[in-house]
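Worth saying up front: this structure is predicted, and the values here are computed from it rather than measured. The figures that follow rest on heavy atoms only: side chains count, while hydrogens, waters and symmetry mates do not. Letters A, B, ... mirror the listed sequences (proteins, then strands); counts begin at 1.
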Amino acid sequence: MDEVSVERVAPYAAADAAITFRLVGYLRPKLEALDLMTLYNDLEMPLIPVISAIERKGVVLDTTYLRDLSTKLNGMLSQLEEDIYAVSGQGKFNINSPKQLNDILFDKLKLPTEGLKKTTHGYSTDANVLDSLSGQHIVVDKILEYREVNKLKGTYVDTLPELINPHTGRVHTSYNQAGAATGRLSSSNPNLQNIPIRTELGREVRRAFVAAEGNKLLSVDYSQVELRILAHISQDKTLLEAFSQGQDIHAATAAAVNGIPVEEVTKEQRNFAKRVNFGLIYGMGAFRLARDSKLTLAEAQAFIRTYFERLPGVEKYLDETKQAARKGPIKTLFGRQREFAILRNASEGSNKVAIQGEERVAINMPIQGTAADIMKQAMLNLYHELEKSSLKGRMILQVHDELVLEVPEAEVKETSAMVVRVMEGAYQLDAPLRANANVGDNWRDMSSV
DNA sequence: CGAACTTGCCAC
DNA sequence: AAACGTGGCAAGTTCG
Ligand SMILES: Nc1nc2c(ncn2[C@H]2C[C@H](O)[C@@H](COP(=O)(O)OP(=O)(O)OP(=O)(O)O)O2)c(=O)[nH]1
Ligand SMILES: [Mn+2]
Ligand SMILES: [Mn+2]
């Protein structure tokens, strides 16, 4: 675009606007009919300049650090490749090719394929399958490690520095405000909503996101956000009571899964318990739970039974939502809505798999969507509070229920208090919103404010 | 040859 | 192949 003269671009740009404008006559009556004008006028429209400001501000990367990290990963990859070829004893092959990997693992090395997950062509070699084959052959663990390192290097370490804008010296993501079906934002070019955090090596990538000179990164993240929204919407007595007592449900689930006291739950265990909590709520089965955890199938079945026995209000809400989705659109607390065509048209002969699949989509939408609504409201409120104050800190990233700001060192305390207050006050829930603030020189090494 | 699809995996 | 959901990206393979 910047290679074409203004004279030639002008008519194109004008047509862009003029033709889009014609959509108003078609779309506005629809918004009015669906009662969406308030959401549109008071939230989505005013949020546009907020998102635009975040994109234009961008974030600083420690490129020196990333270069060193790349070198380190290169060394690891060379060693892993060498090891993989040696122990598989079949000479060189492309480890990244599922086809060739299938051939090596299941044909040449004769690893057991009984009950193994299949893909369109051969047997799956995803991390879960390889985990189950770990111990059968030493190459399996090597491949898993190779996958992790190769992913980090290819997707983040070598790619992010290329996307630094030479004019600003910062990386500028692009947020899609109207892409996700639930109302969430998404991020691309690069996606800054999926920066690694789970593994030690992955956190090395996060370390490369730094504050500009004289500043700190301030990260504020909602506590157990979708669980609180679920408690509010379902009015489940147990869940509401738990939150009123300040309980940590993720930690409690971690304790139950591992059969340990809540005080002994590690970060990793709590993190895994998140997936259990949201997985079960949104329809995970015993097979998957058993496979992902260390539980047997019978234990997983019992766990799920007990889980919902303790949360009868949640179970009732989930059932009611599945039924409601057959009669009309499902809505978030802000009125955002989504239709479920398969459920609307469900009849005797309908595809059961498709119906159950869409039921899971339907029960997720109002919860995830409400979380997205709330975060959008918080971003809008915070933007204006920051503007009208004399504080210089500004938002630089949104990661669904987390805001990252770049803040002058001297203003961290005051800004943090403001962000927490605005985020917690964005919407009144019966399980009140809570947000945790952390600060640091980079996005990895942070401590509680 | 590039587009479209597949497989796998990172985050919330 | 599984009864968590929402995304985006890289590499390989197949399609046209
Ligand atoms: N369905 C589903 N939703 C998830 C998953 N992971 C995260 N989410 C959604 C629900 C969470 O409330 C929300 C924000 O993710 P967080 O990692 O911040 O977790 P959460 O806020 O629940 O706990 P926290 O107190 O921040 O550690 O994103 C998942 O594995 N499955
Ligand atoms: Mn959170
Ligand atoms: Mn979060």
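Applying a 4.0 Å cut-off to non-hydrogen atoms, the residues of residues 170-206 of chain A that approach DNA chain B are Arg184(A), Gln193(A), Asn194(A), Ile195(A), Pro196(A), Ile197(A), Arg198(A), Arg206(A), listed by residue number.
You'll find that the side chain of Gln368(A) is closest to dT6(C), out of dT6(C), dG12(C), dC4(C). Side-chain proximity of Lys151(A) to the nucleotides dA11(C), dC9(C), dA1(C) is greatest for dC9(C).
Between Arg288(A) and dC4(C) there is a side-chain polar atom (N or O) within less than 4.0 angstrom of OP1 or OP2. Between Arg338(A) and dT6(C) there is a side-chain polar atom (N or O) within less than 4.0 angstrom of OP1 or OP2.
Spacing between atom CD of Glu148(A) and atom P of dA10(C) amounts to 18 Å, rounded to whole angstrom units. What separates NZ of Lys322(A) from P of dG5(C) is a distance of 12 Å, to the nearest Å.
In this structure, Arg326(A) pairs ionically with Glu359(A), as a charged nitrogen and a carboxylate oxygen lie closer than 4.0 Å. Looking at Arg203(A) and Glu200(A), a side-chain N of the basic residue comes within less than 4.0 Å of a carboxylate O on the acidic one, giving a salt bridge. With respect to the salt-bridge test (charged N to carboxylate O, under 4.0 angstrom), the residues Lys92(A) and Glu81(A) do not qualify. Salt-bridge check for Arg336(A) with Glu44(A): passed, with a basic side-chain N closer than 4.0 Å to an acidic carboxylate O. Salt-bridge annotation for Glu309(A) and Arg305(A): absent, with no side-chain N of the basic residue lying under 4.0 Å from a carboxylate O of the acidic one.
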Dump the pairs, protein N or O against N or O of nucleotides 14-16 of chain C, anything under 3.5 Å, distances to one decimal.
none

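In summary, contact between chain A and DNA chain B, defined as any nucleotide atom under 4.0 Å from a heavy atom of the protein, begins and ends at dT6(B) to dC12(B) in the 5' to 3' direction.
Defining each end axis of the helix from dC1(B)-dG16(C) to dC12(B)-dG5(C) as the rotation carrying four pairs' C1' atoms onto the next four, with five pairs an end, the two axes are found to diverge by 10° to 10 degrees.
The residue among Tyr156(A) and Thr119(A) whose nearest nucleotide of DNA chain C lies closer to the 5′ end is Thr119(A).
For Asp236(A), there are no side chain to side chain donor-acceptor pair (under 3.5 Å) partners, not counting sequence neighbours.
Within the 4.0 angstrom heavy-atom criterion, no nucleotide atom of any strand lies near Ala286(A).
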Return all side-chain donor-acceptor pairs below 3.5 angstrom for residues 419-429 of chain A, not counting sequence neighbours, or 'none' if the list is empty.
from	atom 1	to	atom 2	distance (Å)
Arg421(A)	NH1	Glu385(A)	OE2	3.0
Arg421(A)	NH2	Glu385(A)	OE1	3.0
Glu424(A)	OE2	Ala435(A)	N	2.8

